[in-house]
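For reference, the structure is listed below as C-alpha cells.
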Amino acid sequence: MSQLKTSRRAFLKHTSVAAAAVAALGACDTRDAMPKQQGSAAPGPSPATGGTMGPHDTGTGASMSPSDQMDAMHEKGVKAFPAKTSLYGNRLLTPKVVGGVKVYDLTAKVVQWETEPGKFVTGWTYNGVVPGPQIRVREGDRVRVVLKNELPESTALHFHGLEVPNDQDGVPFVTQPPIKPGQSYTYEFVVPNPGSHMYHSHHNAAKQVGLGLLGAFIVEPKAKTAYDDVDVDYVMILNDGAHGYTLNGKSFPATEPVVAKKGQTLRIRYMNEGMMIHPMHLHGMHMTVIAKDGWPVPAPWKCDTINIAPGERWDVIVRCTNPGTWAFHCHILPHAESDHGMFGMVTALVVA
Amino acid sequence: MSQLKTSRRAFLKHTSVAAAAVAALGACDTRDAMPKQQGSAAPGPSPATGGTMGPHDTGTGASMSPSDQMDAMHEKGVKAFPAKTSLYGNRLLTPKVVGGVKVYDLTAKVVQWETEPGKFVTGWTYNGVVPGPQIRVREGDRVRVVLKNELPESTALHFHGLEVPNDQDGVPFVTQPPIKPGQSYTYEFVVPNPGSHMYHSHHNAAKQVGLGLLGAFIVEPKAKTAYDDVDVDYVMILNDGAHGYTLNGKSFPATEPVVAKKGQTLRIRYMNEGMMIHPMHLHGMHMTVIAKDGWPVPAPWKCDTINIAPGERWDVIVRCTNPGTWAFHCHILPHAESDHGMFGMVTALVVA
Amino acid sequence: MSQLKTSRRAFLKHTSVAAAAVAALGACDTRDAMPKQQGSAAPGPSPATGGTMGPHDTGTGASMSPSDQMDAMHEKGVKAFPAKTSLYGNRLLTPKVVGGVKVYDLTAKVVQWETEPGKFVTGWTYNGVVPGPQIRVREGDRVRVVLKNELPESTALHFHGLEVPNDQDGVPFVTQPPIKPGQSYTYEFVVPNPGSHMYHSHHNAAKQVGLGLLGAFIVEPKAKTAYDDVDVDYVMILNDGAHGYTLNGKSFPATEPVVAKKGQTLRIRYMNEGMMIHPMHLHGMHMTVIAKDGWPVPAPWKCDTINIAPGERWDVIVRCTNPGTWAFHCHILPHAESDHGMFGMVTALVVA
C-alpha cells in the first residue's frame with residue numbers, strides 16, 4: 001500500500017501525474033482579464049501555460065459584465081487550486097516504540113490555522129495541525145497515547161470506534177476525570193478492532209471538536225483483505241464548524257487533490273467530524289462502498305454520491321479508469337459553490 | 001414498460017383509475033361550509049360528489065371554531081388535489097435522430113414558473129419547464145445535447161452520474177469554459193452506464209440548480225432486469241430551494257398523484273436536487289430498494305421511509321397490492337404540513 | 001425475551017447491575033466543590049460515594065477558574081444521571097381482550113410534561129405521557145384502538161409502517177374525517193406486518209407530533225427469528241421538536257440508561273419522530289443492523305454510529321461483551337453537549 005502524501009508539494013513532485021493534472025486544470029484557460037482584487041493574498045500557483053483556448057472564449061477587456069465578473073471569480077478559484085497554505089494536518093505520525101509499545105505524543109494547543117490562503121482561524125489542535133496527525137497502527141498493537149493539555153480548558157480524548165476497555169474511553173466523569181490545563185494523561189490499550197476510526201475530544205466537544213481537536217485513527221487488520229493493498233489510500237475528514245466547510249482542515253482552493261494513476265485502485269476513508277451531513281459526490285467514476293465505521297460491508301454497493309453523517313466513517317474503493325481532473329465535492333451545493341466561485345468542500349480527483 | 005404520464009389530464013383520462021381515485025379522495029367529504037377566501041385562485045377540480053359522510057361530521061355553520069377553521073383549510077387542500085397548473089416538467093423529450101445520434105436541444109431560459117395554482121416563482125429552466133424535460137436513452141446510445149444559453153449569466157451542463165469522458169463533464173474552468181449568455185455548446189458521448197441519473201447546471205450551481213436548471217437523465221440497461229419492465233415507471237425529483245418544497249417542480253396540492261392499478265408493479269426513481277435530506281414515506285405499502293445512483297443494490301432491502309440526500313438517486317419497487325389513495329410525503333413534517341394544511345412535498349399513490 | 005423496564009426505579013432496583021453502574025458513574029468523583037447554583041432544582045440522586053479519585057484531581061476551593069467551573073457543570077450533569085422525573089412514557093400498555101380483539105384505549109390530551117428535573121413543557125400526549133404507551137402485539141392479532149380526543153383541536157391516528165386497509169390509515173380528508181375535540185374514533189384491523197412501527201397524529205402533524213402525539217407500535221412476527229428472543233429489547237424514540245432534544249421524551253440527565261448484563265444480547269429499536277437526522281453513536285461496542293422500518297435487512301451490517309432520519313426505524317443488535325458504563329448519544333454534538341455539560345440526546349449503556 002502506498003500511503004499517498006497529497007500535499008501540494010507532493011502533488012507537484014509527482015511530476016508525471018502533476019503535469020497532466022496541471023494541464024487538465026489549465027485546459028480551459030481563457031484570455032479573460034482577471035478582475036483586479038486589491039489586498040488579495042493570491043498565493044496560488046503560477047498560471048498553467050499549457051492550456052488551450054475554450055471554443056467560446058471571448059475577450060472582454062476592462063469593463064466586464066456581471067456575468068463575466070462572476071466567471072472571472074470562478075476561474076480565479078479553480079486556477080488557484082491547489083493553493084498552498086502554511087501547514088497541513090492528517091500527516092502520518094511515527095510513534096516511538098518503547099518496550100514493544102507504540103507511543104504517540106499529542107499536545108492539545110491553540111494555534112492560528114490557515115484554512116485557505118490568508119484566512120486564519122482559531123484552531124484548537126493536536127500538535128498544531130487540523131486534523132491532528134494521522135495515527136495508523138495494526139490490530140493487536142499495544143498503543144500508548146500521551147496527551148498534554150496546553151488548552152485554556154480541560155479536555156479528554158475519545159477513540160471513536162475503538163472498542164477499548166471502559167477506563168480508556170475518554171469521557172470525563174464517566175470513565176475518567178477531565179484533563180485539566182497543564183496536565184498530561186496517558187491512554188494505553190491493545191488495539192481491539194480494525195478499520196477507519198477517529199480520535200477526538202469528548203469534553204465540551206461541540207466546541208472542542210468544532211475548533212479542530214480531531215484526527216484519524218486507522219487500524220490495519222491482522223488478516224488483510226483485497227482492499228488493504230490498494231495503490232492509494234486516502235483519508236478525507238469532513239468538518240463544518242467554526243472553520244467553515246473543510247476537507248482535512250482546508251477549504252477550496254486550498255484543499256488537496258486526490259491523485260492516482262490510470263488503472264490504480266484508490267481507497268477513500270470518509271470521516272465526518274462536523275454537525276451536518278455531507279453527501280460527497282465524485283465525478284467521472286463510481287465508488288464501491290466496502291466498510292461502514294471500520295466494519296466490512298457484507299454486500300458492497302456502488303454509488304457516486306455517499307451521504308456521510310456526523311460520527312460516521314465510510315470506506316469506498318474507486319477504480320481509476322477514467323483519466324482527467326474530476327470535480328469532487330459535497331452535493332449540498334451551498335457547501336461548495338457561491339456566485340463568487342467554488343469554495344469549501346470541493347477538491348478534485350486527478351487520474352493521469 | 002408503460003411510461004406513465006401523470007399530469008392531471010392523464011390522471012383524469014385514466015377513467016377507471018381516476019374514478020376510484022377521485023371517489024377515494026372524496027370519501028370523507030363533509031358538509032362543513034368552506035371558509036370564504038377572498039381573492040383565492042381556487043382552481044382545483046370541482047368537488048367529488050360521490051363521497052360518503054364521515055361518522056363524526058358535524059355541521060358548523062358560519063361561526064367556526066379555530067379547530068374547525070383549521071380543518072376546513074386542511075380539507076380545502078386535499079380537495080384541490082391534484083390542482084391544475086399551467087405547465088409540467090419532467091415530460092419525455094423525443095430526440096431528433098441525426099446519423100444515428102440522438103440529438104437533444106435544450107435552451108436554458110428564465111420563465112415565471114407556477115408551483116401551485118396562482119403561485120409563480122422565477123424559474124431558470126431547460127426548455128421552460130421545471131424539472132427540465134426527461135431524457136431517456138439506452139446504454140450505448142450516442143447522444144448529443146445542444147445547450148443554448150439564454151440566461152443572463154454563464155452556465156454549463158453536468159451529467160450527474162454518467163461516467164462520460166472528462167471533456168464532457170461540464171465543470172467550467174476544469175473541463176470546459178463557461179457557456180456565456182447567448183452562446184451554444186454541444187456535448188456528445190456514448191452513454192456509458194445505465195441507471196437513474198440527472199443533468200443539471202454545474203456553474204454557480206447553488207443558485208442555478210436551486211432555480212430549476214435540472215432534469216432526469218434515465219439510461220435503460222442493455223441487459224434488462226426484472227425491474228426494467230415494470231407497469232409504471234415514475235421519476236420523482238425533490239427540490240427545496242427558491243421554489244419551496246417541491247416534487248417535480250410542484251407543491252401540494254399541485255403535485256401529481258402516482259397512479260397504478262391493483263396488482264401492478266411500480267418503480268419510483270427518487271432524485272434529490274435540493275440542499276436538504278428528504279425521507280420520503282409511503283403509506284400502505286412498502287418499497288423494495290433496488291438501485292443506488294443507478295447501480296443495482298446487491299441485496300435489495302425493504303422500507304417505508306427512504307432518506308434521500310442531495311445528489312443521491314434511489315430506485316425502489318412497490319408491489320401495488322393495497323387499494324386506496326395513500327398519502328406519500330416527506331417525513332420531515334415541516335416540509336409537508338402546517339396548521340394551514342398539507343403543502344410542499346406531499347402527493348398520493350392511488351392504487352385502484 | 002425480557003422486556004426491560006429502565007425507569008430509574010427499575011434501574012436502581014436491579015441492584016447487581018445498578019451497583020456497578022453507579023460505581024462506574026461515580027468512579028471519577030472528585031473533591032471539587034460544586035459551584036453554588038441558586039434556585040437549582042438539583043433533584044439528582046445523592047452522589048455516589050464509592051468513587052476513587054482521578055489521578056489529576058485538584059482541589060480548587062471557592063474561587064474556581066472558568067475551566068474548573070465548566071468541569072463542575074459537566075460533573076453535575078453526569079452525577080445527576082439518571083435523574084428522576086415525575087412520569088415516563090413508552091411503558092407497555094396492556095390491552096383489554098374483548099371477543100378475541102386486543103382493545104387499546106388512548107386519550108389524546110394536554111399535560112405539562114417534565115423532560116428533565118423541574119423543566120416542564122406543554123405536552124400533547126396519548127394517555128398523559130410522552131412517548132405514548134407502547135403497544136406491542138403479534139402479527140395476525142386483531143387490534144382495536146379507541147382514540148378519545150380531549151385536545152383543543154382535531155386529530156387523527158396513523159399507524160406508521162403498518163400496511164392496514166386504506167380506511168384505517170388515519171389521514172383526514174383522505175381516509176377519514178378529522179376527529180373533532182370531544183369525539184372518539186375507533187380503528188380496527190388485523191395486524192398485517194411485523195416489525196418496529198409507530199403510531200402518531202397525522203393531522204396538523206408538524207405541530208401535534210412535535211408536541212408529543214406519538215408512540216411505538218411493535219409487532220412480533222409469527223415466525224420468530226433469532227433476534228426475537230433477545231435478553232433486552234429496548235425502544236428508543238428520538239425527537240427534536242418543541243420539547244428539545246429528547247430520547248423517549250426525556251433529556252439528559254433525565255434519560256433512562258439502557259442496562260444489560262455482560263454476555264447478554266440487546267436489541268435497540270430506534271425510531272425518529274423528529275424533524276432532523278440523528279446519528280446515534282454507541283461507545284464500547286458495535287451494533288449489527290438487522291431491520292429497517294420493521295423489515296429484516298437481507299445482509300446485516302455493523303456500525304457504531306447509525307444515522308436515523310425522520311420517520312425511519314432501525315433495529316440493531318448489540319452483543320454486550322464490554323463491561324462498563326458507555327456514553328451513548330447523538331453525534332451531532334450540539335444535540336448532546338454544550339459548555340454547560342451534556343444535555344439532550346445522551347444516555348448510557350450500562351453493561352455490568
Side-chain angles (χ1 to χ4, degrees), chain A residues 24-30 32 53-58 65-68 70-71 74-79 81 277-281 283-289 298-307 321-327 330-339 341-342 348 351, chain B residues 149 151-155 158-167 169-181 183-186 192-193 195 197 200 202-210 241 272-277 291-299 307-313:
Chain A
L25 286 166
C28 308
D29 202 8
T30 73
D32 290 2
M53 294 303 300
H56 303 288
D57 178 48
T58 56
S65 70
S67 173
D68 286 344
M70 184 189 79
D71 291 351
H74 276 69
E75 181 175 23
K76 186 184 173 198
V78 172
K79 288 298 186 309
F81 176 81
I277 61 150
H278 297 291
M280 291 299 297
H281 174 53
H283 289 220
M285 283 150 287
H286 58 276
M287 306 181 271
T288 302
V289 177
W301 45 278
K302 296 175 182 176
C303 65
D304 54 58
T305 307
I306 181 156
N307 185 24
T321 55
N322 204 357
T325 296
W326 299 98
C330 177
H331 213 282
I332 297 181
L333 299 180
H335 298 182
E337 196 178 28
S338 78
D339 54 9
M342 292 193 287
V351 177
Chain B
N149 181 9
L151 302 171
E153 69 185 32
S154 300
T155 193
H158 172 57
F159 302 94
H160 181 110
L162 292 178
E163 304 188 349
V164 296
N166 190 252
D167 60 1
D169 196 45
V171 183
F173 305 113
V174 177
T175 70
Q176 67 167 80
I179 310 170
K180 301 277 184 189
Q183 292 184 335
S184 288
Y185 193 91
T186 299
N193 53 310
H197 304 297
H200 56 222
H202 210 289
H203 191 50
N204 202 15
K207 172 185 171 185
Q208 294 194 359
V209 175
N272 188 338
E273 285 281 21
M275 300 174 290
M276 307 171 187
I277 61 151
K292 169 73 170 82
D293 298 347
W295 298 98
V297 165
N307 185 23
I308 305 144
E312 290 191 324
R313 290 89 64 210

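The figures here come from the full heavy-atom set of this structure, side chains too, leaving out hydrogens, waters and symmetry mates. Lettering of chains follows the sequences in order, A, B, ..., and the numbering in each one begins at 1.
With a 4.5 angstrom heavy-atom cutoff, A:Pro300 touches chain B only via backbone atoms. In this structure, the portion of B:Val164 lying under 4.5 Å from any heavy atom of chain A is its backbone and not its side chain. Only the backbone of A:Pro323 comes within contact range of chain B, with at least one heavy atom under 4.5 Å from a heavy atom of that chain. Looking at B:His158, the atoms closer than 4.5 Å to chain A (heavy atoms on both sides) all sit in the side chain, from C-beta outward. Proximity to chain A (any heavy atom under 4.5 Å) is restricted, for B:Pro181, to the side chain, taken from C-beta onward. For chain B, the nearby parts of A:His74 are the backbone and the side chain; heavy atoms of each come within less than 4.5 Å. With a 4.5 Å cut-off on non-hydrogen atoms, B:Pro165 touches chain A through its backbone but not through its side chain.
Of all the heavy atoms in A:Ala327 and B:Val171, the pair that sits closest is CB-CG2, 4.1 Å. Between A:Val78 and B:Phe173, the closest heavy-atom pair is CG1-O, 3.4 Å. In terms of heavy-atom proximity, A:Trp301 sits nearest to B:Pro298 at CB-CD, 3.7 Å. Of all the heavy atoms in A:Ala299 and B:Ala299, the pair that sits closest is CB-CB, 4.3 Å. Across every non-hydrogen atom of B:Gly311 and A:Asp304, the tightest pair is O-OD1, 4.4 Å. Taking all atoms of both residues into account, the shortest heavy-atom contact from A:Thr305 to B:Pro310 is CG2-O, 3.7 Å.
One finds the NZ atom of B:Lys292 at 12.5 Å from the NE2 atom of A:His286 (value rounded to the nearest 0.5 Å). The structure places CG of B:Asn307 at 7.0 Å from CD1 of A:Ile277, a figure rounded to the nearest 0.5 Å. Considering NE2 of B:His203 and CD of A:Glu337, their distance stands at 7.5 Å, rounded to 0.5 Å. Remark: B:Met275 CE to A:Cys330 SG distance equals 12.0 Å, nearest 0.5 Å. Atom CE in A:Met287 sits 7.5 Å away from atom CG in B:Asp293 (nearest 0.5 Å). In this structure, the separation between NE2 on A:His283 and CD on B:Glu163 is 12.0 Å, given to the nearest 0.5 Å.
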Next on the checklist: Under the criterion side chain to side chain contact (heavy atoms under 4.5 Å, CB included), I'd like the reasoning laid out for B:Glu153 against A:Asp71: C-alpha separation, chi angles, the key distance, then a yes or no.
Outcome noted: CA-CA 9 Å; B:Glu153 69 185 32; A:Asp71 291 351; over 6 Å; no
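Side-chain polar atoms of A:His331 and B:Asn272 form no donor-acceptor pair below 3.5 angstrom.
The greatest number of non-hydrogen atom pairs below 4.5 Å with chain A, out of B:Ala291, B:Gly294, B:Ser154, B:Gly210, is found for B:Ser154. The greatest number of non-hydrogen atom pairs below 4.5 Å with chain A, out of B:His160, B:Lys207, B:Glu312, B:Gln208, is found for B:His160.
Under the side chain to side chain contact (heavy atoms under 4.5 Å, CB included) criterion, A:Asp339 pairs with A:Met70, B:Asn204, sequence neighbours left out. With sequence neighbours left out, A:Thr288 forms a side chain to side chain donor-acceptor pair (under 3.5 Å) with no residue at all.
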